[in-house]
Number of protein chains: 2
Amino acid sequence: MINVTQSFLPPLEEYTQILQKSWDKKWITNRGELILELEEKLKQFLGINFITITTNGTLPLQIAIKALELSGEIITTPFSYVASSSVISWENCTPVYVDIHPEYLTIDETKIEEKITDKTSAILATHVFGNPCHIVEIEKIAKKHNLKVIYDAAHCFGVQYNGESIFNFGDVSTCSFHATKIFHTGEGGCMITKDQNLHEKLFYHHNFGHNGPEAFHGIGINGKTSELQAALGLAVFNHLDAIFEGRKIAVEAYNQFLDFSRIQKLKIRENTVWNYHYYPVIFETEEILLKVKEALNKENIFPRRYFYPSLNTIKYLNGEKMPISESISQRILCLPLFAELPPETVATLSKLINQNL
Amino acid sequence: MINVTQSFLPPLEEYTQILQKSWDKKWITNRGELILELEEKLKQFLGINFITITTNGTLPLQIAIKALELSGEIITTPFSYVASSSVISWENCTPVYVDIHPEYLTIDETKIEEKITDKTSAILATHVFGNPCHIVEIEKIAKKHNLKVIYDAAHCFGVQYNGESIFNFGDVSTCSFHATKIFHTGEGGCMITKDQNLHEKLFYHHNFGHNGPEAFHGIGINGKTSELQAALGLAVFNHLDAIFEGRKIAVEAYNQFLDFSRIQKLKIRENTVWNYHYYPVIFETEEILLKVKEALNKENIFPRRYFYPSLNTIKYLNGEKMPISESISQRILCLPLFAELPPETVATLSKLINQNL
């Protein structure tokens with residue numbers, strides 16, 4: 001069986017060896033030495049100033065909304081995983097959708113301003129499949145209208161834009177370290193900002209607001225990461241070169257073998273160092289997608305309709321019609337992509353796809 | 001050094017052996033086989049019908065508030081860990097405090113009704129140190145005024161009340177599986193209800209609202225537990241008898257050696273099978289507490305002021321004065337208590353306390 005993703009797992013012995021330190025200290029959570037070590041390593045590797053690792057990739061979005069004191073309407077993209085919209089509703093704000101660019105698949109920056117009202121407090125945009133939004137234009141709009149910017153950068157581990165980490169843009173960027181991601185801690189995520197005051201606020205929020213065992217800076221919940229998760233992160237970290245390389249080889253194989261006369265692929269934004277995180281393909285019609293999917297499933301290959309459905313169509317999110325996002329959602333399929341996927345398998349798989357177009 | 005708590009850790013090999021299954025399947029989160037196995041074991045052990053294990057013990061409180069569709073005012077106790085109040089504020093409701101019983105230390109059920117207004121939607125009460133609230137009376141009040149009841153049962157693993165699991169009371173009960181708890185998964189927690197429909201709602205909320213890979217039941221966030229956490233839970237589960245026994249021995253040693261002519265201890269509610277989770281002692285004055293604490297610290301022994309401060313006094317929670325809770329908070333100290341604490345150490349420690357009264 002080949003799934004759309006496969007978690008990269010270091011040898012269990014490597015994980016255990018790292019975890020031995022926590023066992024020796026009998027210290028399994030609450031900012032143990034492993035989580036501190038991992039945060040330092042990630043800061044250096046990514047080229048960022050501040051990071052707080054969290055227990056998953058959704059909590060940092062909730063925490064960012066609280067830390068930035070957002071209310072009212074938040075402009076967002078309908079083409080994203082459901083988390084980026086559900087956190088808006090969960091935190092008592094209203095998602096206001098703006099359609100996407102048909103090739104980059106990120107929020108269409110030229111359509112943002114028409115959706116700004118006096119209730120708008122922020123833009124929450126997703127760098128889709130590791131592909132950056134039009135950051136320069138979004139920052140301009142945010143500045144002009146005094147809006148905060150959160151980037152859901154769940155897919156962006158290792159992505160660079162204009163020569164620096166993509167996590168350095170926006171007021172807050174969040175990432176996911178879920179088991180299916182390039183770098184992962186099983187479940188996990190993080191929040192990143194360049195602003196030290198905001199970093200401290202985010203940090204307090206993720207640890208019950210504590211600023212001492214008996215004192216509180218302000219409100220907070222529990223976003224803490226256990227040493228079990230941190231140890232896995234440290235073990236995976238040691239294999240990052242091989243992970244990126246394996247994914248690059250698979251992506252290049254798809255680029256070589258797929259028939260692009262009838263398949264649209266993701267257009268990576270200019271000035272981007274991409275991370276080979278997903279391999280989405282867009283078919284001419286939903287019928288072709290379903291035909292291809294069925295043919296692959298028959299061979300025990302399981303691509304994923306991702307992102308599907310377009311979030312504006314989910315009942316409780318209550319969005320307006322978004323023609324481009326809805327059309328892309330119906331026609332896009334993420335093909336299997338992970339570090340250990342051999343190019344020979346990509347060749348076979350591509351042939352099967354080409355035959356069913 | 002002796003801390004107030006010490007995580008019980010099974011031999012690392014036992015943990016690794018369980019985790020090997022996840023490694024073999026390359027399945028590290030998203031309801032893997034270990035979490036399912038753990039939920040089944042806990043249901044049987046505790047005598048409950050439904051459980052959802054979550055990534056920590058605070059998220060289930062947030063999820064319960066959403067699932068029960070609470071709004072306005074929630075009546076709660078000022079004598080609890082900060083999480084039980086901060087979730088109320090975080091979820092856009094207002095905590096309304098009711099003072100506590102001076103011996104049981106749980107919310108004073110006789111003072112609840114006077115705080116009910118037309119904005120009150122629920123009672124969120126804490127079974128303090130594993131000691132049950134006056135459940136019978138609270139249920140009566142809730143029924144009369146059409147209020148929901150959430151019990152923060154973070155300390156209650158294994159507690160029975162009136163012959164059944166304490167988790168079976170209230171609309172929802174939550175527990176913590178934090179590393180310092182009797183049973184733990186490093187970080188972790190759970191939500192329990194007897195109502196199947198409500199169980200399903202809680203479950204959806206903890207998994208992004210998914211009811212299929214491409215369909216949604218409603219709004220949700222991420223409360224999922226990784227297999228890393230589940231494996232630790234399964235490993236700890238196998239040692240539960242020894243854990244309870246070790247704690248019982250330490251508690252009985254305190255009961256034997258402390259000078260109760262000048263120390264008040266926790267009064268356990270009638271019809272309760274208690275779980276020996278904490279050993280709080282209440283001194284006559286805060287001065288004595290501080291003197292005892294200093295004497296213990298000098299010997300590298302670290303009890304904890306818990307719960308302190310009384311939550312109504314925390315600025316952002318904005319509560320009225322609560323004389324009993326404030327007085328108890330200033331005078332209560334949780335003494336070291338964990339499965340591996342030898343009775344000889346308890347004897348030494350008790351002597352030191354008695355000398356400083």
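All chains are named by letter (A, B, ...) in the order of the sequence lines, taking the proteins before the strands, and each is independently numbered beginning at 1. All values below were derived from every heavy atom in this structure, side-chain atoms included, with hydrogens, water molecules and symmetry-related copies excluded.
With chain A as partner, the option from B/V87, B/T58, B/L19 having the largest number of non-hydrogen pairs under 4.5 angstrom is B/T58. Your options are A/K315, A/Q229, A/H178, A/E13, and the one with the most heavy-atom pairs under 4.5 Å with chain B is A/H178. Chosen from B/A83, B/G218, B/S226, B/A231, the residue pairing most often with chain A at heavy-atom distances under 4.5 Å is B/G218.
Each of B/T225, B/N56, B/T55 was evaluated against A/T55; a single residue qualifies, B/T55, per the side-chain hydrogen bond (donor to acceptor under 3.5 Å, both in side chains) test.
The salt bridge (Lys or Arg N to Asp or Glu O under 4.0 Å) analysis of residues 57-69 of chain A, with sequence neighbours excluded, yields the pairs A/K66-A/E91, A/E69-A/K201.
B/L317 is not listed as a side-chain neighbour of A/I219, based on a closest heavy-atom distance of 4.5 Å or more. A/P309 is listed as a side-chain neighbour of B/F216, based on a closest heavy-atom distance under 4.5 Å.
Using a 4.5 Å cut-off between heavy atoms, B/T180 makes no contact with chain A at all. With a threshold of 4.5 angstrom between heavy atoms, B/Y81 approaches chain A through side-chain atoms but not through N, CA, C or O. Using a 4.5 Å cut-off between heavy atoms, B/E214 touches chain A through backbone and side chain atoms alike. If you measure heavy-atom distances from A/T185 to chain B, the contacts under 4.5 Å come from the backbone alone. Within the 4.5 angstrom heavy-atom criterion, no atom of B/I65 approaches chain A.
Here B/S89 contributes atom OG and A/I221 contributes atom CD1; the two are 12.0 Å apart, rounded to the nearest 0.5 Å. Between atom CH2 of residue A/W27 and atom CG of residue B/L9 there is a gap of 12.5 Å, rounded to the nearest 0.5 Å. Annotation: the span from A/Q62 atom CD to B/N222 atom CG amounts to 9.0 Å, rounded to 0.5 Å. Note: A/I28 CD1 to B/L232 CG = 6.5 Å, rounded to the nearest 0.5 Å. Taken to the nearest 0.5 Å, the CD atom of A/E187 stands 10.5 Å off from the CD atom of B/E227. Distance check: A/K25 NZ to B/S7 OG gives 13.5 Å after rounding to the nearest 0.5 Å.
Taking both residues in full, the closest heavy atoms of B/W23 and A/P11 are given as NE1-C, 4.0 Å, listed atom of the first, atom of the second, then distance. Across all non-hydrogen atoms, the minimal contact from A/A179 to B/T29 is CB-CG2, 4.0 Å. Taking each heavy atom of B/G220 and A/S86 in turn, the nearest pair found is O-OG, 3.2 Å.
Taking the six-membered ring where tryptophan is involved, the planes of B/W90 and A/H205 are perpendicular, since the angle between them exceeds 60° and thus also 30°.
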Passes side chain to side chain contact (heavy atoms under 4.5 Å, CB included), A/L228 versus B/Y15? Steps please.
CA-CA 11 Å; A/L228 307 175; B/Y15 171 65; 3.7 Å; yes
Do B/L12 and A/Q20 pass the side chain to side chain contact (heavy atoms under 4.5 Å, CB included) test, and can you show the C-alpha distance, the side-chain angles, and the key distance before you say yes or no?
CA-CA 7 Å; B/L12 187 51; A/Q20 183 70 54; 3.2 Å; yes
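Of residues 326-337 of chain B, no residue lies under 4.5 Å from chain A by any heavy-atom pair.
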